[in-house]
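One structure below.
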Amino acid sequence: MNKFLFFVCSMMAFGIGVSAQTQSTDSLLLANSYTLMLDTSGNLSGSGVEFLLRQTAESQFVLVGENHNTREIPAFTTALFNLLHDHYQFSHLALEQDPVMMKTVSSGPWKGNFDSVFSLARKYKYGFTFIDDEELNMLAHISKYPVKGNAIWGCDQSFGVSHVVAKIKARSVSKDLDSLKARALQAESNRDLDKQHFLSQMLTKAELKMLRKYQASDPNEEIDFGIRALIMSDSIYTLMSTKRSYEGCALREQYMKTRFMEEYNISKTAGEKIPKVVLKFGTSHTMDGFEPNTGVVNVGTFVRQLAIASGMTSFSLYTKIYRTDSSDWNDNNYVGKEVMQIFARYAPVNEWTLFDLRPLKAQYFNSGLSVKLSRESREFLE
C-alpha cells in the first residue's frame with residue numbers, strides 16, 4: 001500500500017488554490033521539506049532527523065498532534081522518543097490514555113514488559129483509550145526507560161471501571177465488591193465504543209462514591225487516585241450524554257491539564273529538575289490556541305507557556321496520512337483534501353515527508369500569499 005505521512009511543523013497548514021502565481025509559495029514549500037524513513041529497528045533516518053534535532057535542542061516539550069487510530073503514528077512517536085531520549089534526555093510520554101492504567105504500565109512487573117501490557121489490554125478491554133497493537137507496543141517500549149516519576153502519563157478520562165474495581169478488590173473483602181466487580185467486567189467484556197463506554201451506563205455516581213468507604217477502612221494512595229479518576233470521568237460523560245457537551249468538553253480539557261501537572265510535579269518531587277516530555281494528543285488539543293469545541297485554552301498552548309516559564313522552548317508537529325490507494329483521506333475538522341493534494345505534489349511515495357510551514361506563515365502575515373485560502377484553512381493558519 002502506498003502512503004504519505006506528513007509532519008507539519010508548528011501546527012500550521014492551509015490549502016493553496018490553483019494559481020499562475022503560486023511559484024514563490026511552492027518554492028518556499030520545497031525549500032523547507034525534509035524526508036524521514038523508519039528502518040526495521042525502529043530508528044529514524046533522512047534529512048528530517050537533523051532538522052528535528054536542531055529544532056528541539058532547547059525544547060522541554062515536543063508535541064505530536066495526531067489523527068487517532070492511525071497506525072503509523074505510534075511507531076513514529078516511539079522512534080521520535082528514542083531520538084529525543086538519546087540526545088536530550090526526554091523521559092516521559094503524555095497521552096490521551098486512562099490515567100490509572102498508565103500508572104500501572106509505568107511500574108512494577110508491567111514496566112517495559114510487552115507480554116504483560118498486551119495481557120492487561122486483553123483482560124481490561126476498556127482500560128486503555130486506544131488499544132491497537134501499535135499503541136500498546138509504544139507504551140511497552142517507552143515505559144522501559146529509567147525515569148523519575150512515571151514514564152507514561154495518562155492525561156485523559158477513563159473509559160472503563162473494572163481495572164480500578166479490581167485494585168480495590170485486591171485489598172478488601174466484600175460481597176458488594178464481588179458483585180460490583182462482576183457487573184463491571186460483564187459490562188466491559190466486549191469493547192464496543194459505539195454502543196457503550198460511558199461510565200454512567202455501567203455504574204451510578206452513588207456507587208462510585210460508595211467505593212470510598214473501602215478507602216476509608218484501608219487508606220491507599222493508589223486506590224484513592226483510581227476512585228477520583230472514575231468520579232471525574234463519570235462527570236465528563238454525564239455532561240456529554242445529557243447534551244451539555246460544552247461543559248463536558250471544557251471539563252475534559254481542564255482535566256487533561258490538571259493530570260499533566262500532577263505527573264509533572266510527581267517527577268519534580270522525585271528529583272527531576274526540568275521534566276522533558278513528548279505529548280501525543282489529538283490535533284484539537286495540541287494546535288496553537290483553543291480547543292475548538294469550547295474556546296478553552298488547550299493542552300498544547302498550556303504546555304508551551306509552561307516551557308517558557310521554565311526558560312525553555314517547545315516544538316509542535318502536526319501529522320496526517322494520505323493513502324494513495326484509498327479514497328479515505330483521514331480528514332478532520334481542521335485541514336481537508338486541498339491541503340493534502342498540495343502536499344502530495346512534493347512528497348515521494350513510501351517516504352515520510354516533513355514540511356516546515358513557518359516561512360509560509362511569516363509570508364502570509366507579512367506580505368500575503370497570491371493564492372486562494374479556504375475558510376477552514378485561514379482559520380487554522382491564523
Side-chain angles (χ1 to χ4, degrees), residues 5 38-44 61-64 66-160 162-164 166-167 170 188 191 193 222 225-226 229 259-260 262-264 266-267 270 272 275-282 317 319 352:
L5 182 56
L38 185 68
D39 65 23
T40 55
S41 298
N43 298 312
L44 290 171
F61 307 119
V62 173
L63 297 86
V64 178
E66 69 167 350
N67 292 302
H68 294 317
N69 299 309
T70 303
R71 62 179 176 271
E72 291 86 354
I73 295 176
F76 167 74
T77 302
T78 303
L80 177 65
F81 188 93
N82 292 342
L83 187 72
L84 295 173
H85 175 82
D86 291 346
H87 285 82
Y88 304 130
Q89 294 75 55
F90 275 68
S91 53
H92 306 281
L93 175 66
L95 299 163
E96 287 182 64
Q97 280 279 10
D98 182 286
V100 176
M101 190 59 81
M102 293 306 101
K103 282 184 180 287
T104 298
V105 301
S106 294
S107 62
W110 296 277
K111 186 177 176 66
N113 190 319
F114 289 81
D115 291 339
S116 293
V117 171
F118 276 80
S119 177
L120 279 172
R122 288 191 296 270
K123 184 174 183 179
Y124 300 111
K125 296 180 175 61
Y126 280 69
F128 295 79
T129 307
F130 303 103
I131 203 169
D132 52 90
D133 287 356
E134 292 79 10
E135 184 90 3
L136 297 178
N137 269 309
M138 177 190 69
L139 297 176
H141 181 89
I142 293 177
S143 69
K144 74 181 181 183
Y145 286 107
V147 64
K148 293 179 173 66
N150 297 305
I152 312 292
W153 298 359
C155 297
D156 208 352
Q157 76 273 15
S158 300
F159 272 7
S162 58
H163 58 302
V164 178
K167 287 179 180 291
E188 297 171 7
R191 184 176 166 103
L193 302 185
E222 180 185 18
F225 173 73
R259 281 292 307 126
F260 186 92
E262 287 176 349
E263 295 288 355
Y264 186 87
I266 287 171
S267 296
E272 193 165 9
K276 292 186 175 182
V277 189
V278 174
L279 297 88
K280 183 174 80 72
F281 284 75
L317 295 165
T319 63
W352 297 349

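Note that this is a predicted model, so its numbers are computed, not measured.
- For the residue pair Ser162 and Glu188, the shortest heavy atom distance occurs at OG-OE1, 2.5 Å.
- Relative ring orientation between Trp352 and Phe76 is described as perpendicular, the plane-to-plane angle rising above 60° on a 0-90° scale split at 30° and 60°.
- When every heavy atom of Asn82 is checked against every heavy atom of Gly42, the shortest pair comes out as ND2-O, 4.2 Å.
- One N or O on the side chain of Gln97 and one on the backbone of Thr129 form a donor-acceptor pair closer than 3.5 Å.
- The nearest pair of heavy atoms linking His68 to Phe281 is CE1-C, 4.3 Å.
- One finds the CG atom of Leu317 at 9.0 Å from the OG1 atom of Thr77 (value rounded to the nearest 0.5 Å).
- Within the 3.5 Å criterion, the main-chain N or O of Glu135 finds a donor-acceptor partner in the side chain of Asp132.
- Phe81 and His85 have parallel rings, their planes meeting at less than 30° on a 0 to 90° scale where 60° marks the start of perpendicular.
- Judged by distance alone, with hydrogens and angles left aside, the side-chain atoms of Asn113 form a donor-acceptor pair with the main-chain N or O of Asp115 at under 3.5 Å.
- For Lys276 and Tyr88, the positive end is not near the middle of the six-membered ring at less than 6.0 Å and at most 45° from its axis.
- To the nearest 0.5 Å, atoms NZ (Lys103) and CD1 (Ile266) are separated by 3.5 Å.
- Ring pair Phe260/Phe61 is perpendicular by interplanar angle, where above 60° counts as perpendicular and below 30° as parallel.
- Pairing each heavy atom of Gly112 with each of Lys144, the nearest pair is CA-CB, 3.6 Å.
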### Message
Quick one, Leu279 with Val62, criterion side-chain contact (heavy atoms from CB on, under 4.5 Å). Give me CA distance, side-chain angles, the key distance, then yes/no.
### Response
CA-CA 6 Å; Leu279 297 88; Val62 173; over 6 Å; no

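- Rounding to the nearest 0.5 Å places CG of Asn137 at 11.0 Å from CD1 of Ile142.
- In plain terms, the two heavy atoms of Ser143 and Ala151 that are nearest each other are CA-CB, 3.9 Å.
- Rounded to the nearest 0.5 Å, atoms CZ (Phe130) and CZ (Phe159) are 6.5 Å apart.
- Between the side chains of Ser158 and Asp98, at least one donor N or O lies within less than 3.5 Å of an accepting N or O.
- For Lys148, the NZ atom sits in a loose shell: 12 or fewer heavy atoms of surrounding residues, nucleotides or ligands are nearer than 6.0 Å.
- In this structure, Pro99 and Asp156 approach most closely via the heavy-atom pair CD-O, 2.9 Å.
- Between Glu222 and Lys167 there is a salt bridge, with a side-chain nitrogen of the basic residue lying less than 4.0 Å from a carboxylate oxygen of the acidic one.
- With salt bridges taken as basic N to acidic carboxylate O contacts below 4.0 Å, one links Glu66 and Lys280.
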